[in-house]
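Down below is the structure, laid out as structure tokens.
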Amino acid sequence: MAAVAGGYGDGPVRFSASVKRALERQLQVRKRRLLDGATSVGWKIAADMPGVTTSEGAGGRIFGYLTSETVIAGSTPMIAGPTVDLCAEVELAVEIAHDLPPDTSPAMALEAIARLAVALEIVDVDEQAPTADTIISNVFHRAVSFGPLQKLASVASVRARLEVDGRAKFEPLVELDPTYTVWAMARLLGGLGEQLRAGDRVIGGSLIHRSIQPGHRVTAAIAGLGETSIHVAP
């Protein structure tokens, strides 16, 4: 879903009753997976999600989670399985340096940025699914890979790129605001009694979003942050 952008605000994040119930169930699923042996990797922000209005969450934003179960590294393929609308998203990943409270200020969020990386998320978008089911099942998430983590003095307008089988290229100029990503994620988690922890990685929403097919090899890149790829096996 779309990348986080917007102004900073005050006050706690409030979700509608139905969205809050779905997020609580999502967190229960996450807890079971961690108890079964998965390792927590971090979180994802989802904006412009079907069925979530701008009055819910932080301007219509909600969250999902990332665990070791769906991180793709090296040449390991992602097995597609049954899909509805498989899509690739270029995203900015932010690594958190230390624990952050839900009432994090913009200055605190900036200070908590350890390193940045390009991320490639694979999502399977089913806009006809009930909103609660989508939230509980982790907001369309199927897989994620990360480029090399790097310390950068600053980022702003940069060129992002998505390649499919080395041919189709989409290269828009995008605005990056890692401080806002951290601030928004801290507030979203605070709405459910959770918080960002040291070492968490947060992906802030899609800078490029394109449909793909099983069998494709997809590469995401952000200028200055390198690239990362996933082979989507049939």
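As a basis for the values below, the full set of heavy atoms in this structure was taken, side chains included, without hydrogen atoms, waters or symmetry mates.
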Donor on one side chain, acceptor on other, D85 and S211, under 3.5 Å
yes
Linked, directly or transitively: V29 and V19 (ILVMFWY side chains, under 4.5 Å)
yes
Go through the structure and list residues passing ring pair (Phe, Tyr, Trp, His ring centres under 6.0 Å) with F63, not counting sequence neighbours.
W43
Euclidean distance, T104 OG1 relative to R187 CZ, rounded to 0.5 Å:
9.5 Å
Looking at G42 and D200, what are the two nearest heavy atoms and their distance?
CA-OD1, 4.2 Å
Can you name the nearest heavy-atom pair linking A233 to P77, along with the distance?
CB-CB, 4.0 Å
Measure the SG-CD1 distance between C87 and I208 for me, rounded to the nearest 0.5 Å.
13.0 Å
Using atom types as modelled and distance alone, determine if a side-chain donor or acceptor of D124 lies under 3.5 Å from a backbone N or O of V84.
yes
Show your reasoning for whether side-chain contact (heavy atoms from CB on, under 4.5 Å) applies to D126 and T134.
CA-CA 8 Å; D126 183 359; T134 297; 5.9 Å; no
Do V90 and R161 have side-chain heavy atoms sitting under 4.5 Å apart?
no
Could you pull out the closest heavy-atom pair between V182 and V94, with the gap in Å?
CG2-CG1, 3.6 Å
Can you measure from CD (E194) to CG (L23) and round to the nearest 0.5 angstrom?
10.5 Å
Is the closest side-chain heavy-atom distance between L35 and R32 below 4.5 Å?
no
If only atom types and distance count, is the side chain of Q26 paired as donor or acceptor with the main-chain N or O of I135 below 3.5 Å?
yes
Locate the shortest heavy-atom distance separating A184 from I45; write the atom from each residue and the value.
CB-CD1, 4.3 Å
Side chains of K20 and L192: does their closest heavy-atom pair fall under 4.5 Å?
yes
Which atom pair, heavy atoms only, marks the closest approach of I72 to S145?
O-CB, 3.3 Å
Enter the distance from I62:CD1 to K44:NZ here, rounded to the nearest 0.5 Å.
8.5 Å
How many angstroms lie between CG in L92 and CG in L176, if you round to the nearest 0.5 Å?
5.0 Å
For residues M108 and P101, determine if any side-chain heavy atom of one lies less than 4.5 Å from a side-chain heavy atom of the other.
yes
Applying salt bridge (charged side-chain N to carboxylate O under 4.0 Å, His left out), name anything that partners E111, two or more places apart in sequence or on another chain.
none
For residues I136 and F140: do they belong to one hydrophobic cluster (side chain heavy atoms under 4.5 Å, members Ile, Leu, Val, Met, Phe, Trp, Tyr)?
yes
To the nearest 0.5 Å, tell me how far E95 CD sits from L149 CG.
5.0 Å
Check whether V123 and F170 end up in the same hydrophobic cluster, where Ile, Leu, Val, Met, Phe, Trp and Tyr are linked by side-chain heavy atoms less than 4.5 Å apart.
yes
When you measure from the side chain of D133 to the backbone N and O of P130, does any donor-acceptor pair fall under 3.5 Å?
no
Taking atom types as modelled and ignoring hydrogens, do the side chains of S206 and E91 form a donor-acceptor contact shorter than 3.5 angstrom?
no
Trace of the side-chain contact (heavy atoms from CB on, under 4.5 Å) decision for S229 with E163:
CA-CA 9 Å; S229 299; E163 295 183 3; over 6 Å; no
What I'd like to find out is whether the side chain of R115 reaches to under 4.5 Å of the side chain of K151, using heavy atoms alone.
yes
Could you check if a side-chain atom of L188 sits within less than 4.5 angstrom of a side-chain atom of F15, using non-hydrogen atoms only?
yes
Are V125 and V164 connected in a single hydrophobic cluster, I mean Ile/Leu/Val/Met/Phe/Trp/Tyr linked by side-chain heavy atoms less than 4.5 Å apart?
yes
Please check if V139 and L34 belong to a single hydrophobic cluster, counting links between Ile, Leu, Val, Met, Phe, Trp and Tyr side chain heavy atoms closer than 4.5 Å.
no
So that I can tick it off, tell me whether D165 and R217 are bridged by a salt bridge, with the cut-off set at under 4.0 angstrom between side-chain N and carboxylate O.
no
Answer yes or no: is there a donor N or O on one side and an acceptor on the other, between the side chain of E89 and the main chain of H209, under 3.5 Å?
no
Give me the atom names and distance for the closest heavy-atom approach of T70 to H141.
OG1-NE2, 2.8 Å
Connected-component partners of L66 among ILVMFWY, side-chain separation under 4.5 Å
V41, V71, V144, F146, I203
